[in-house]
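Everything below concerns the one structure shown next.
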Amino acid sequence: MLDHLGDAAGAAPALLGCRLVRTGDGPRRVGVIVETEAYPPDDPACHAYGGRTARNAAMFGPAGSAYVYRIHRSTCLNVVTGPAGSGQAVLIRAIEPLEGLDVMRAARELATVGNAIPDGTALTNGPGKLCQALDVGLEHDGVPLIRRRAPRSASASPSAGVLYLMPALDRPDVACSPRIGISRARDAPLRFFVPGNPYVSGRPRRAS
DNA sequence: ATGTCGATTCCCT
DNA sequence: GGGAATCGACATA
């Protein structure tokens with residue numbers, strides 16, 4: 001549920017099944033969250049670990065706001081959790097697309113010039129991929145993702161899409177594993193996913 | 001001014 | 001399962 005954003009480790013599994021919506025510019029794009037990772041404040045792998053900087057400032061905002069950052073050529077979307085100032089968030093790692101598949105595909109193709117046309121689960125089965133599919137960018141850093149009502153059309157710019165979260169319709173099964181791609185705190189079981197869902201991204205390293 | 005380092009993705013073996 | 005691509009943020013001088 002969206003009212004359980006009190007801490008990253010609790011919010012990460014609770015966000016599974018919630019829907020991520022982009023609207024306001026063209027056809028609605030909707031996906032169900034099927035994979036997340038928690039980054040608690042005391043975690044060495046958390047971007048907020050070591051203090052506030054220009055890049056991670058949004059992570060110290062109120063729970064329910066977005067923290068967006070770039071890595072290499074990719075953009076990643078997080079949901080801020082906990083008391084404002086605590087510096088914690090949940091990374092959205094994968095969604096299963098529900099609406100606006102054609103627009104998502106077009107956005108992916110546009111963003112990956114010269115690469116293969118994204119088909120099947122490659123459309124949204126990774127944190128950078130889903131941001132491409134929904135056109136999530138740095139302009140969303142710090143914006144509120146939780147809204148009482150459907151967002152009004154008038155945000156800052158009429159042509160800019162609005163990004164927000166909707167509660168889960170049904171509670172999905174939840175599985176847990178170590179997180180992917182990090183070098184510190186590699187064993188912490190803070191990755192959550194819907195077991196068997198084809199849009200869940202690559203498995204974490206096997207246990208040695 | 002310069003060096004390091006990724007919460008990634010894609011391509012290859 | 002490994003490595004390159006590639007670039008901005010950050011730390012150090």
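Not counting sequence neighbours, the partners of A/Pro44 by the side chain to side chain contact (heavy atoms under 4.5 Å, CB included) test are A/Tyr49, A/Arg184, A/Ala185. Residues passing the side chain to side chain contact (heavy atoms under 4.5 Å, CB included) test with A/Glu139, sequence neighbours excluded: none. With sequence neighbours excluded, the residues forming a side chain to side chain contact (heavy atoms under 4.5 Å, CB included) with A/Asp7 are A/Ala9, A/Gln88, listed by chain and number. Applying the side chain to side chain contact (heavy atoms under 4.5 Å, CB included) test to A/Thr75 and every residue at least two apart in sequence or in another chain returns A/Val68, A/Arg70, A/Cys131.
Between the P atom of B/dC10 and the CG atom of A/Leu123 lies a distance of 11 Å, rounded to the nearest Å. Counting to the nearest Å, the P atom of B/dT8 and the CZ atom of A/Arg179 are 11 Å from each other. What separates CZ of A/Arg186 from C1' of B/dA7 is a distance of 13 Å, to the nearest Å. Spacing between atom CZ of A/Arg184 and atom C1' of B/dA7 amounts to 11 Å, rounded to whole angstrom units. Per the geometry, CD belonging to A/Glu35 stands 16 Å off P belonging to B/dA7, to the nearest Å. The interatomic distance linking A/Glu37 (CD) with B/dA7 (P) rounds to 10 Å, in whole Å. For the pair A/Asn125 CG and B/dA7 P, the computed distance is 19 Å after rounding to whole Å. Going from atom CG of A/Leu130 over to atom C1' of B/dT9 covers 13 Å, rounded to whole Å.
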Review item, nucleotides 3-5 of chain B N/O atoms under 3.5 Å of protein N/O:
none

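Annotation: salt bridge (charged side-chain N to carboxylate O under 4.0 Å, His left out) contacts involving residues 78-98 of chain A, sequence neighbours excluded, comprise A/Glu35-A/Arg93, A/Glu37-A/Arg93.
Counting heavy atoms from C-beta on, the side chains of A/Val79 and A/Leu165 come closer than 4.5 Å. Considering only heavy atoms from C-beta on, A/Leu130 comes within 4.5 Å of A/Leu20 through its side chain. Residues A/Ser201 and A/Phe193 have side chains not in contact (no heavy-atom distance under 4.5 Å, counting atoms from C-beta outward). Contact check for A/Val21 versus A/Val162: no side-chain heavy atoms found under the 4.5 Å cut-off. Between A/Thr124 and A/Met104 the shortest side-chain heavy-atom distance falls below 4.5 Å. Taking 4.5 Å as the limit, some side-chain heavy atom of A/Ile92 sits within range of a side-chain heavy atom of A/Thr36. Within the 4.5 Å cutoff, side-chain heavy atoms of A/Leu101 are placed close to those of A/Leu123.
For DNA chain B, the residues of residues 38-50 of chain A within the heavy-atom distance limit of 4.0 Å (strictly under) are A/Tyr39, A/Ala45, A/His47, sorted by number. Within residues 51-75 of chain A, the residues approached by DNA chain C to less than 4.0 Å at the level of any non-hydrogen atom are A/Thr53, A/Ala54, A/Arg55, A/His72, A/Arg73, in residue-number order. Of the residues in residues 86-93 of chain A, not one places a heavy atom less than 4.0 Å from an atom of DNA chain C.
Between A/Asp102 and A/Arg29 no salt bridge is recorded (no basic side-chain N to carboxylate O distance below 4.0 Å).
Cluster partners of A/Val103 are absent, since no Ile, Leu, Val, Met, Phe, Trp or Tyr has side-chain heavy atoms less than 4.5 Å from it. Taking Ile, Leu, Val, Met, Phe, Trp and Tyr as hydrophobic and joining them when side-chain heavy atoms fall under 4.5 Å apart, one finds A/Tyr67 in a cluster with A/Tyr39, A/Met59, A/Phe60, A/Tyr69, A/Ile71, A/Val80, A/Leu91, A/Ile182.
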query: How would DNA chain B look in dot-bracket form, 5' to 3', counting Watson-Crick and G-U wobble pairs with both distances under 3.5 Å and writing | for bases paired to another strand?
result: ||||||.|||||.

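There is a side-chain donor-acceptor pair under 3.5 Å between A/Arg191 and A/Ser177.
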